[in-house]
Peer 1: 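To start, I am sharing the structure in question, which I have written as structure tokens.
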Amino acid sequence: MNTHVLKIPDLLADFASKDITVWVDGDRLRCNAPAGALTPEFRDQLRDRKGEIIGFLNMAAATVRQQPAIVPLQPHGTQAPIYAVPGHIGAVISFSDFSKHLGEDQPFFALEPPGLDGRTEPMDRVEDIAEYFADQILEFQPRGPYVIAGYCSGAATAYELARLLDQRGADVRCAALFGPLHPSTYQTLPRLLFFYARRQAGAVVMHLRQLAKLPSLEARVRYVTDRLRKRREEAGSLLAKGHNRGEPVKDDPVLERRARLKDTAITALRRYIPAPYRGRVCIFLPNKAWVRSGAAPHRWLRAAPHAEFYYGPKDCYGPHMLQEPDAPAIAELYRSSTRRAAGGI
């Protein structure tokens with residue numbers, strides 16, 4: 001039997017088939033085995049892969065303590081788990097593509113904000129949302145290390161969450177902010193209008209680049225037709241459900257909760273003033289042009305002067321940076337940041 005190629009779940013299953021029991025006791029790995037069952041090869045596996053086994057068993061125990069805000073997108077692996085805050089509509093699915101491209105060894109948990117489940121009320125202060133998440137993370141995984149991530153407007157909550165966990169003595173390896181919206185974007189009307197204008201311009205450029213990649217006039221016409229059809233379907237769906245000038249749908253509780261959560265999240269972001277943070281902050285931008293997007297990413301340097309910046313490819317579309325087809329490139333940016341932390345680059 002060549003057990004050294006086995007994944008940890010398979011290795012533990014192999015132990016169990018021989019009535020070998022393995023468990024975690026603090027920082028130690030304990031083992032109980034019948035006479036003769038613990039072969040030299042099994043001993044080598046326990047010694048050489050101790051850290052992997054402890055990490056897997058701790059994560060398995062954490063899964064049993066599942067908290068309502070924590071949505072496991074990829075619960076297995078030995079790397080420091082990522083806990084990620086979505087944008088202002090609370091769509092944890094926005095991390096799905098990105099988490100897949102980080103690989104099987106990277107645990108990834110999305111954080112669902114209060115107010116989306118229909119049982120809790122949305123919160124209008126970033127500090128309160130961060131405290132809500134911190135309590136659940138520490139219950140779910142009492143010991144670090146952790147990586148705290150945030151996307152778009154959720155980056156502010158992630159930043160505050162990393163600060164709060166650090167203040168509680170937790171081992172926060174990094175606050176990873178993806179396409180972060182600085183709160184100042186929402187604090188004055190001119191900045192907000194500039195941001196949305198640049199975002200619309202970016203969408204036009206993205207579609208022009210997609211058209212340029214298509215091989216024929218027929219394919220380009222089909223692309224434009226499909227986009228127009230999709231927009232009409234979306235508009236028709238909203239009208240059929242009773243939308244009127246952006247008002248929440250009164251007879252659709254899910255859409256109504258999302259609209260309320262969005263409004264409350266924007267209020268929370270507008271009120272938030274980032275305080276200094278001594279930990280590592282990595283800011284991932286879709287491309288270098290995003291610096292001038294109106295999202296004001298460099299304003300984070302006021303609170304985190306040593307923040308590291310990483311830039312995606314030139315044609316990466318900001319609002320979809322964590323989705324296909326850009327998710328692989330952004331995942332590689334994240335991996336490069338972890339290599340940098342380990343002294344690999």
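Excluded from the calculations below are hydrogen atoms, water molecules and symmetry mates; all remaining heavy atoms, backbone and side chain alike, are included.
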Peer 1: Under the 3.5 angstrom rule, does the side chain of Q106 hit a backbone N or O of A80 as a donor-acceptor pair?
Peer 2: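 Between the backbone of A80 and the side chain of Q106 there is a qualifying donor-acceptor contact (under 3.5 Å).
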Peer 1: Closest heavy-atom contact between M321 and G179?
Peer 2: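 Heavy-atom minimum between the residues: SD-N, 3.7 Å.
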Peer 1: Quick one, R125 with E131, criterion salt bridge (Lys or Arg N to Asp or Glu O under 4.0 Å). Give me CA distance, side-chain angles, the key distance, then yes/no.
Peer 2: CA-CA 10 Å; R125 293 180 71 250; E131 187 167 0; over 6 Å; no
Peer 1: Could you check whether D171 pairs with R173 (Lys NZ or Arg NE/NH1/NH2 to Asp/Glu carboxylate O, under 4.0 Å)?
Peer 2: yes
Peer 1: The criterion is ring-ring contact (aromatic ring centres under 6.0 Å, His included); which residues satisfy it with F284, sequence neighbours excluded?
Peer 2: F178, Y310
Peer 1: Hey, mind stepping through F98 and D326 against side-chain contact (heavy atoms from CB on, under 4.5 Å) and telling me if it holds?
Peer 2: CA-CA 9 Å; F98 177 64; D326 297 312; over 6 Å; no
Peer 1: Do D97 and Q323 have a side chain donor and acceptor closer than 3.5 Å?
Peer 2: no
Peer 1: Go through L29 and L57 one step at a time and tell me if the side-chain contact (heavy atoms from CB on, under 4.5 Å) criterion holds.
Peer 2: CA-CA 10 Å; L29 191 63; L57 291 175; 4.1 Å; yes
Peer 1: Do Y146 side-chain atoms and Q141 backbone N/O form a donor-acceptor pair below 3.5 Å?
Peer 2: yes
Peer 1: Just checking, any donor-acceptor pair under 3.5 angstrom between side chains of Y272 and E160?
Peer 2: yes
Peer 1: For V126 and A268, work out which heavy atoms get closest and say how close.
Peer 2: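 What the structure gives for the nearest pair is CG2-O, 3.6 Å.
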Peer 1: Do K100 and E324 meet the salt-bridge criterion of a basic N to acidic O distance under 4.0 Å?
Peer 2: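 Here E324 does not pair with K100 in a salt bridge, since their nearest N and O are not under 4.0 Å apart.
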Peer 1: At what distance, to the nearest 0.5 angstrom, does CD1 of I330 lie from CG of L102?
Peer 2: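 Interatomic distance, I330 CD1 to L102 CG, rounded to 0.5 Å: 11.0 Å.
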Peer 1: Could you report the tightest heavy-atom contact between Q74 and E104, atom names first, then the distance?
Peer 2: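 Between these two residues, the closest heavy atoms are NE2-O, 3.0 Å.
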Peer 1: I would like to know whether I148 and I82 meet side-chain contact (heavy atoms from CB on, under 4.5 Å); could you show each step before the answer?
Peer 2: CA-CA 6 Å; I148 304 301; I82 297 173; over 6 Å; no
Peer 1: If every non-hydrogen atom of N287 is compared with every non-hydrogen atom of P313, which pair is closest and at what distance?
Peer 2: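 Taking every non-hydrogen atom into account, CB-O, 3.3 Å.
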Peer 1: Distance alone, cut at 3.5 Å: any donor-acceptor contact between the side chains of D124 and T264?
Peer 2: no
Peer 1: Quick one: do R168 and D135 make a salt bridge, cutoff under 4.0 Å?
Peer 2: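 Counted as a salt bridge, because a side-chain N and a carboxylate O are separated by less than 4.0 Å.
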Peer 1: If two hydrophobic side chains count as joined below 4.5 Å and joins carry through other members, does F140 share a cluster with I129?
Peer 2: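 Result: yes, single cluster for both.
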Peer 1: Closest approach of P180 and L285, non-hydrogen atoms and distance?
Peer 2: CD-CD2, 3.9 Å
Peer 1: Taking only residues two or more places apart in sequence or in another chain, which ones pass ring-ring contact (aromatic ring centres under 6.0 Å, His included) with Y311?
Peer 2: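 In terms of ring-ring contact (aromatic ring centres under 6.0 Å, His included), with neighbours along the sequence ignored, Y311 is linked to no residue.
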Peer 1: Centres of the F108 and F95 rings: under 6.0 Å?
Peer 2: yes
Peer 1: For the residue pair Y132 and A69, what are the closest heavy atoms and their distance?
Peer 2: CE2-CB, 3.7 Å
Peer 1: Could you state the interatomic distance from CG (L164) to OH (Y277), rounded to the nearest 0.5 Å?
Peer 2: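 Here the interatomic distance stands at 10.5 Å.
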Peer 1: Do the side chains of F56 and L12 get nearer than 4.5 Å, heavy atoms only?
Peer 2: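 Sidechains of F56 and L12: in contact.
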Peer 1: Which class fits the ring pair F309 and H298: parallel under 30°, tilted 30 to 60°, perpendicular over 60°?
Peer 2: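 F309 and H298: parallel rings.
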Peer 1: Would you say R47 has more than 12 foreign heavy atoms packed within less than 6.0 Å of its CZ?
Peer 2: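 Counting neighbours around CZ of R47, more than 12 heavy atoms of other residues, nucleotides or ligands fall under 6.0 Å, so yes.
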Peer 1: For the residue pair Q45 and L11, establish whether any side-chain heavy-atom pair is separated by less than 4.5 Å.
Peer 2: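 In contact.
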Peer 1: Start with the C-alpha gap between F109 and L73, add the side-chain angles, then the distance that decides, and say whether side-chain contact (heavy atoms from CB on, under 4.5 Å) holds.
Peer 2: CA-CA 6 Å; F109 301 90; L73 298 182; over 6 Å; no
Peer 1: Is the backbone N or O of I93 less than 3.5 Å from a side-chain atom of S96, with the two atoms forming a donor-acceptor pair by type?
Peer 2: no
Peer 1: Test your reading of the model: is there a side-chain donor-acceptor pair from Y159 to the backbone of A275, 3.5 Å cut-off?
Peer 2: yes
Peer 1: R163 side chain to P276 main-chain N or O, any donor-acceptor pair under 3.5 Å?
Peer 2: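 Checked: pair present.
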Peer 1: Short question: side chain of D25, backbone of R30 - any donor-acceptor pair under 3.5 Å?
Peer 2: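 No: the side chain of D25 does not pair with the backbone of R30.
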